[in-house]
Amino acid sequence: MFKSVLPALLLLLGAGTPWPGKAEIVHSERSLYRNIMVEDKGDLRCLRFNVKQKKSNQSCLYKSQPQQLVFNYTKLLFSGLILNSQPERILIVGLGGGTMSNTLHQLYPDARIDNVEIDPAVIKVAREYFGFFENERVTAIDQDGRLFIKRALMKKQQYDWIILDAFNGEYIPEHLLTREFLQEAKQLLSDNGVLTSNTFSNSGLYAYESATYYDVFGDYFNVRNSVNENRIILTAKQPLPDMKILSRRLDDLDKRLKPYGVNIKVIFALMTQASQEKDWPEDTRVLTDQYSPANLLNID
Amino acid sequence: MFTRWQNPLIYSLAFCSGFSIMGIELLGGRILAPFFGSSIHIWGSIITVFMVSLSFGYLLGGKLSTRAASLKRFGTIFVLGGIFILPIALYANDIMQAIFLKIEDSRYGSLMAASALFFIPTVILGMLSPYSVRLLVKNKNESGQVAGVLYFVSTLGSALGTIITSFYLVLYMEVNQIIFTFSFLLSLLGLIAIFADKVTKNTAMPVKDQEARHV
């Protein structure tokens with residue numbers, strides 16, 4: 001217990017505590033799916049889905065420096081760029097405050113970015129309070145992610161980078177964590193396409209999730225640090241390249257990502273290959289459309 | 001015709017049909033999700049289709065009970081219910097695929113899919129409630145009482161079907177396995193009812209004869 005809490009505290013102090021002063025609720029509404037709250041604490045503005053839980057911040061930004069990413073797990077998602085540093089078509093499932101979309105548009109002004117979000121109220125709040133913007137290259141679609149991917153497949157579309165960010169600790173869309181779904185997502189990837197998935201690393205679901213990703217993609221990278229409960233699963237349509245080859249790409253990426261507070265070298269150091277760890281039991285059941293009690297398995 | 005265990009049998013059958021209906025309704029969300037997602041309107045479609053089909057089932061069941069009501073026919077409805085839920089497990093993907101390709105709007109797509117999958121079996125299972133009342137009521141005075149107990153039993157079955165399916169069954173079984181289990185259970189109960197009907201007829205006849213002689 002202490003072992004995990006202490007570094008977390010140190011990190012918070014070291015990084016300058018993100019909660020200075022009192023919180024002020026700027027906006028709150030009840031959507032079809034959840035309670036949505038926008039909260040300001042000093043320079044920090046956060047989107048929250050749940051009033052009571054502490055860990056319910058979905059998306060935050062510094063009002064004075066909107067391009068500085070706040071959350072570790074958001075930064076970890078950028079590991080996708082190590083596998084493919086020139087994505088031209090990007091699909092983000094789960095909008096949150098839209099910070100990922102905004103950042104990627106700045107990084108890749110020519111890339112097509114499609115954001116899919118099930119809750120229209122979240123899209124609205126992202127636009128109004130988080131500076132999320134759409135233009136001829138960036139779109140937001142109010143749809144279930146599974147459906148969007150199925151329809152996109154029918155239209156023979158492809159993406160170089162799919163970012164799955166539809167999970168939170170409280171509720172998992174179970175149909176986005178099955179073998180069939182991951183196969184569909186994999187099919188939607190272009191030949192050098194990459195998938196990053198923001199999930200967890202602590203719950204009882206961990207083994208099932210690992211077994212399912214491994215079943216569909218083969219090897220993948222775990223990207224996580226000891227402080228955060230999130231883990232990013234990083235994988236691709238093609239078999240994963242060697243770590244040595246990947247490390248050569250870091251210098252160039254590092255320069256481009258620095259302004260956003262993303263230290264890609266640190267992130268690279270956090271990457272581990274699932275095939276070498278195999279930290280889930282051999283006989284773990286794969287989640288399928290027929291068997292996907294993710295939310296029940298997630299109850300620790 | 002009436003024996004000591006006949007009423008408990010009817011009540012248990014009503015309990016099990018309530019259990020299965022809600023178990024299937026709950027799985028409906030899981031079945032539709034791969035094609036129509038888990039947006040709020042999916043549940044709208046499912047609940048609507050179940051309510052509409054139950055209401056038609058009540059109507060038909062009531063009508064059917066006016067002609068030669070018997071435990072045998074009651075059992076037959078169960079067996080039919082058991083058979084007609086099988087396509088949910090066997091053909092759901094093909095049916096949903098076809099609808100998915102035809103209808104772009106996932107609201108109407110899910111409504112169509114829910115109708116195609118659940119309408120017929122739910123109508124059949126809905127027929128059971130009024131039919132049970134017909135079999136249970138022996139005189140006008142007790143009809144309200146009987147209906148009350150019956151609703152109690154079948155709705156309690158529905159509640160348990162909902163919670164047990166969502167809390168436990170989906171943890172241990174695949175969706176299709178649960179559907180097959182419900183199908184087997186309903187068919188088996190139907191056959192028991194049909195069998196019971198035979199037994200009671202064989203034993204009931206002499207009783208009737210006796211009564212006739214006493215009169």
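Since we're looking at a predicted model, the values are computed, not measured. Just so we're on the same page: letters track the sequence lines, and every chain starts at 1.
If you measure heavy-atom distances from A:L32 to chain B, the contacts under 4.5 Å come from both the backbone and the side chain. Proximity to chain A involves both the backbone and the side chain of B:F100, based on heavy atoms less than 4.5 angstrom apart. Proximity to chain B (any heavy atom under 4.5 Å) is shown, for A:T178, by neither the backbone nor the side chain. Contacts between A:R285 and chain B at a heavy-atom distance below 4.5 Å involve the side chain alone, from C-beta outward. Interface remark: A:Q143 contributes no atoms to any contact with chain B (heavy atom separation under 4.5 Å). The part of B:F167 that comes within reach of chain A is its backbone (N, CA, C, O), which places non-hydrogen atoms under 4.5 angstrom from that chain. Neither the backbone nor the side chain of A:F148 has a heavy atom closer than 4.5 Å to any heavy atom of chain B.
Taken to the nearest 0.5 Å, the NZ atom of A:K150 stands 9.0 Å off from the CZ atom of B:F36.
B:I120 CD1: 12 or fewer foreign heavy atoms inside a 6.0 Å radius. Surrounding CE of B:M96 are more than 12 heavy atoms belonging to other residues, nucleotides or ligands, all under 6.0 Å away. Counting heavy-atom neighbours within 6.0 Å of A:Q183 CD, excluding the residue itself, gives a total above 12. Atom CD of A:E29 has more than 12 heavy atoms from other residues, nucleotides or ligands within 6.0 Å. Other residues, nucleotides and ligands contribute only 12 or fewer heavy atoms inside 6.0 Å of the CZ atom of B:F152. Enclosure of atom OH in B:Y151 is not indicated, since only 12 or fewer non-hydrogen atoms of other residues, nucleotides or ligands lie within 6.0 angstrom. Counting heavy atoms of neighbouring residues, nucleotides and ligands inside a 6.0 Å radius, atom CZ of B:R107 does not exceed 12 of them. Environment of OH in A:Y33: crowded, with over 12 heavy atoms of neighbouring residues, nucleotides or ligands closer than 6.0 Å.
Put simply, the side chain of B:Q177 does not reach to within 4.5 Å of the side chain of A:Q290, judged on heavy atoms. Side-chain contact check for B:L171 versus A:L297: some heavy-atom pair is nearer than 4.5 Å.
Here the closest non-hydrogen pair linking A:Y291 and B:V170 is CE1-O, 3.4 Å. Pairing each heavy atom of B:S38 with each of A:D144, the nearest pair is N-OD2, 2.7 Å.
Ranking B:P34, B:G37, B:S166, B:S106 against chain A, the residue ahead of the rest is B:P34, based on heavy-atom pairs under 4.5 Å. Heavy-atom pairs under 4.5 Å with chain A were tallied for B:I178, B:I40, B:I42; the largest tally goes to B:I40.
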